[in-house]
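The figures here come from the full heavy-atom set of this structure, side chains too, leaving out hydrogens, waters and symmetry mates.
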Amino acid sequence: MDIKTLDSKDNGRVFGLIAGSPGVGKTTQATTFPQKETLIISLEDGMLSLAGSGYAYAECDSYKDLLDAVTDVPKWVKYLYIDSLTEVYDLLKKELDSKFTSSQNFGKHEQMDLMLFHLIRQARKLSIDTFFTCHVKRIKDGLDVIDDLAFDGKMPEMVKKQFDMVLHLQADVDDEGNNERFFITSPELSKIAKKRVSPWLNIEVKDKEEANLYKLTNKLKGLN
């Protein structure tokens, strides 16, 4: 048995989910990481928002390709960015439609859930900083309209449990009329958000953090 002591030099790694509305800039957050150390795995239709950025990416069009990409990450990669979990779920639905009849709808969704969580857990085993993105939808909660992950039923809460941190990426206009983006980290401000930080590193994560995932990742690891 190889016994180790966790100290500040073992900064660990961050396993997180970036959630936000379409077009808010989730994919672009990948470019806050060092170009030569970052791999983007994409299921979206094209990478137009990152065209000309010079970042490495792999496009996957099947669940098997995606699973292979996650379990065989090149050694030079220190930051893995998977875009997006919503697209993975849609892909699974499409792949399994032909294997289940309409009367087997419950079995199909159960299999989709198992495959989705298997992918997340495989990614969690990686020793590098790994992030998924996910779309957000608006739902009614009594008289209120709130944002939540774009899944049905109990899936949003089940998905959030898999991650150390869930950041709600939002955009607004500041007092001077400029567009600004920021991460909501506090579940008191957003139903989506979730944060888990080591108490031994004395890290203070604000309820609203600058929308720079690289800076926030280093902060979470006690590097700044």
Side-chain angles (χ1 to χ4, degrees), residues 12-22 26-27 29-30 39-45 57-74 77 79-137 139 146-169 183-185 187 190-197 213 217 220:
R13 54 100 180 97
V14 178
F15 186 66
L17 180 67
I18 314 304
S21 304
K26 298 185 299 296
T27 304
Q29 279 298 311
L39 175 63
I40 303 164
I41 296 178
S42 173
L43 282 92
E44 303 279 7
D45 295 328
Y57 73 98
E59 283 188 324
C60 299
D61 55 12
S62 72
Y63 178 77
K64 181 182 181 304
D65 287 347
L66 179 58
L67 199 56
D68 287 346
V70 167
T71 54
D72 189 23
V73 178
V77 177
Y79 306 97
L80 185 65
Y81 206 80
I82 304 166
D83 191 34
S84 71
L85 203 57
T86 317
E87 296 290 333
V88 175
Y89 203 65
D90 290 345
L91 175 67
L92 288 172
K93 182 178 184 300
K94 184 177 179 181
E95 289 189 359
L96 294 175
D97 270 346
S98 61
K99 299 180 181 179
F100 290 84
T101 65
S102 57
S103 63
Q104 297 173 314
N105 202 42
F106 178 81
K108 180 182 76 173
H109 280 88
E110 190 175 52
Q111 184 65 24
M112 287 169 59
D113 294 352
L114 287 171
M115 294 172 75
L116 184 78
F117 290 122
H118 177 66
L119 172 69
I120 295 172
R121 286 167 188 145
Q122 289 301 113
R124 190 181 182 89
K125 292 178 182 178
L126 298 172
S127 58
I128 57 177
D129 295 320
T130 303
F131 297 90
F132 284 82
T133 68
C134 184
H135 293 339
V136 162
K137 68 176 181 179
I139 59 172
I146 60 173
D147 290 330
D148 208 348
L149 302 184
F151 299 104
D152 294 325
K154 298 179 180 178
M155 277 292 289
E157 291 305 315
M158 292 169 63
V159 167
K160 282 184 275 188
K161 286 180 180 178
Q162 310 302 312
F163 294 90
D164 297 326
M165 173 160 280
V166 182
L167 301 169
H168 189 180
L169 180 60
F183 292 126
I184 297 290
T185 70
S190 169
K191 176 181 173 62
I192 292 170
K194 169 189 170 182
K195 60 182 174 183
R196 184 182 298 158
V197 181
L213 193 55
T217 297
L220 291 167

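Residues P74 and L39 form a side-chain contact, since some pair of their non-hydrogen atoms from C-beta on lies under 4.5 Å apart. Counting heavy atoms from C-beta outward, K99 and K108 have side chains that stay 4.5 Å or more apart. Taking the side chain as every heavy atom from C-beta outward, M155 and L149 never approach each other to under 4.5 Å. Using a 4.5 Å cut-off on side-chain heavy atoms (C-beta onward), I192 and I184 make no contact. In this structure, the side chains of K194 and L17 stay at 4.5 Å or more apart for every pair of heavy atoms. Side-chain atoms of Y63 and H118, non-hydrogen and from C-beta on, do get closer than 4.5 Å to each other.
Side chain of K26 to main chain of G20: a donor-acceptor pair is present (N/O by atom type, distance under 3.5 Å, no hydrogens or angles). In this structure, Y89 contributes its side chain and F151 its backbone to no donor-acceptor pair below 3.5 Å.
Looking at D164 and R13, a side-chain N of the basic residue comes within less than 4.0 Å of a carboxylate O on the acidic one, giving a salt bridge. In this structure, K64 pairs ionically with D68, as a charged nitrogen and a carboxylate oxygen lie closer than 4.0 Å.
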For residues 125-132, which side-chain N or O atoms pair as donor and acceptor with protein atoms under 3.5 Å away, sequence neighbours left out?
| unit_1 | atom_1 | unit_2 | atom_2 | d |
| --- | --- | --- | --- | --- |
| K125 | NZ | Q122 | OE1 | 3.0 |
| D129 | OD1 | V14 | N | 2.7 |
| D129 | OD2 | K221 | NZ | 2.8 |
| T130 | OG1 | I128 | O | 3.2 |

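Once rounded to the nearest 0.5 Å, the distance linking CG of D61 with NZ of K94 reads 9.0 Å. Between the CD1 atom of I18 and the CG atom of L167 there is a distance of 4.5 Å, given to the nearest 0.5 Å. The line from NE2 of H135 to CG of D90 is 8.0 Å long, rounded to the nearest 0.5 Å. The distance from the CG atom of L91 to the CG atom of L85 is 11.5 Å, given to the nearest 0.5 Å. Between the CZ atom in F163 and the CD1 atom in I120 there is a gap of 4.5 Å [rounded to 0.5 Å]. Put simply, CG on L96 and CD on Q111 are 6.0 Å apart, with the number rounded to the nearest 0.5 Å.
In plain terms, the two heavy atoms of A30 and Y81 that are nearest each other are CB-CD2, 3.5 Å. Pairing each heavy atom of S21 with each of V136, the nearest pair is N-CB, 4.0 Å. Here the closest heavy-atom approach between residue Q29 and residue L213 is recorded as OE1-N, 2.9 Å. A pairwise comparison of heavy atoms in L43 and C60 identifies CG-O, 3.7 Å as the closest pair.
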Checking side chain to side chain contact (heavy atoms under 4.5 Å, CB included) for the pair L116/V88: CA distance, chi angles, key distance, verdict?
CA-CA 7 Å; L116 184 78; V88 175; 3.8 Å; yes
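Each of D152, D148, D147 was compared with K137 under the salt bridge (Lys or Arg N to Asp or Glu O under 4.0 Å) criterion, and only D152 meets it.
With sequence neighbours left out, the side chain to side chain donor-acceptor pair (under 3.5 Å) criterion links E157 to K160.
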